[in-house]
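In listed order, ligands and their atoms are each counted from 1.
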Amino acid sequence: MTSPGLSSASRFSEIEARLARRDLKDIYKADLPTPCMVVDQEIFEANLNKMAAHCQKTGVKLRGHVKVHKSPDIANRQIALGAIGLTCATIAECELMSNAGIGGILLTRQATSKNNIERAVALARRDSTFATVVDDPLAAEWHQEAAGAENVKLKMVVDIFAGLSRHGIEPGREALELAKQVDRAKNLELIGLMGYSGIAAHTKGWKERMKRSRDDTAGLLETVGAARGAGLPVEIITGGSTGTYNIDPELKGLTELQAGSFVFMDTIYTEIGSKNGDEFYGDFGMSLTVMTTVISRRHPHQCTIDAGNKALLRPTDQVKGRPEVKILNQGAEYGILAWKHGDRDFKLGERIEIYPSNLDMSTNVYDRYYVTRGEQVVDVWPIMGRAGAAQR
Ligand SMILES: Cc1ncc(COP(=O)(O)O)c(C=O)c1O
């Protein structure tokens with residue numbers, strides 16, 4: 001009997017060789033090793049198109065965050081649809097995307113180590129469109145010293161606190177002073193201000209989210225007024241997220257959005273509620289799943305799958321098409337699906353798809369996205385920005 005995961009004609013080594021040369025004719029989900037990441041191309045493209053149309057309609061630009069997907073293939077698709085660049089959390093992500101030929105990159109996490117600051121300056125030398133952020137006068141000094149030593153002009157954005165205490169200088173006088181310092185610095189070029197309202201992003205209920213966004217970005221917008229009043233160049237005001245993409249333009253402050261998760265969506269985001277209803281946030285579809293295989297079913301009301309801790313299985317994940325099934329993680333390479341009614345209804349060898357609840361972390365443990373249309377694999381995108389010594 002042929003095993004359920006492979007057709008008789010498709011030996012694993014042959015499939016691997018064909019994937020490597022992108023010869024994807026007649027390769028199906030059933031041919032793939034599990035656990036693996038699967039992108040539903042139709043939903044993914046609808047998400048990208050929806051955000052692009054939203055930006056075109058509102059005049060707010062997209063500089064989408066890559067920390068979610070870590071893929072130049074995806075970044076390039078966003079650029080082709082009108083995005084003005086990318087936002088990255090690490091200098092390694094910036095280097096990766098720049099090496100893939102993408103411009104307009106903004107590093108949104110302040111560099112403070114000699115290593116990271118020197119790499120930022122080196123990147124600015126290669127790509128004059130690259131910009132980075134500071135939220136501290138000392139870090140601004142360090143960037144000036146490093147850029148001065150290399151005789152490079154480094155574009156800079158002042159990062160202002162917008163409700164998330166992990167970064168951002170206090171809005172108002174302190175932020176204005178920092179913006180002036182950057183503007184005066186010989187090798188720095190002030191291009192704008194940033195305020196990432198990360199708490200607003202996941203605030204449940206559209207009205208509550210709107211209020212939280214308004215409150216958390218008020219200081220940023222006041223500082224924009226003060227900076228412009230002082231004659232400082234504020235070309236860009238950058239921030240925003242998937243949760244506030246349709247709120248930020250209404251607040252009439254941001255010139256660009258850093259939204260990232262909308263390309264795939266995750267289960268946590270679906271719970272924040274949308275403009276039309278507070279229960280479910282369906283503005284963007286869940287296009288990413290982790291596909292796993294049922295590997296044992298010896299006990300009632302549960303079966304075992306081949307995705308566990310290493311696959312970042314979590315109780316907040318969801319089984320595609322089976323919302324009543326609970327997810328329990330059982331070990332490094334084992335997970336358990338449990339249900340109350342109707343026993344033995346997952347078959348041995350059956351493929352199960354799971355929606356992850358944290359995109360950034362989950363995409364960090366896989367090598368590839370298998371892009372699919374129905375059961376067919378139509379593309380393979382390497383996940384190039386994964387963590388690793390060379391990536392930090
Ligand atoms: C600075 C910054 N901007 C934008 C985003 C993107 O937010 P989301 O993935 O919710 O769209 C993040 C996410 O953590 C972030 O840290």
Within ligand 1, which atoms have a heavy atom of [X] less than 4.0 Å away?
| X | result |
| --- | --- |
| G240 | 4 (C) |
| T242 | 8 (P), 10 (O), 11 (O) |
| S261 | 8 (P), 9 (O), 10 (O), 11 (O) |

Would you please say whether a donor-acceptor pair under 3.5 Å links the side chains of T289 and K320?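 No, no side-chain donor-acceptor contact under 3.5 Å.
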Return the residue, atom name and 0.1 Å-rounded distance of the protein heavy atom closest to [atom].
| atom | result |
| --- | --- |
| atom 5 (C) of ligand 1 | Y196 CE1, 3.6 Å |
| atom 13 (C) of ligand 1 | K67 NZ, 3.0 Å |
| atom 16 (O) of ligand 1 | R166 NH2, 2.8 Å |
| atom 3 (N) of ligand 1 | Q258 OE1, 2.6 Å |

Pick one of side chain, backbone, both or neither for how [X] approaches ligand 1, counting any non-hydrogen atom pair under 4.0 Å.
| X | value |
| --- | --- |
| S241 | both |
| H167 | neither |
| Y269 | side chain |

Examine Y369 together with F264 and report whether their ring centres are nearer than 6.0 Å.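 Yes, they do, as the ring centres are separated by less than 6.0 Å.
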Minimum side-chain heavy-atom gap H167-Y196 below 4.5 Å: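 H167 reaches Y196 side chain to side chain.
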Is R209 reaching over with its side chain to a backbone N or O of I272, donor-acceptor style, under 3.5 angstrom?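 Yes, because the side chain of R209 sits within donor-acceptor range (under 3.5 Å) of the backbone of I272.
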Distance-only, no hydrogens or angles: does the D183 side chain make a donor-acceptor pair with backbone N or O of P233 under 3.5 Å?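 Checking the backbone N and O of P233 against the side chain of D183, no donor-acceptor pair under 3.5 Å is found.
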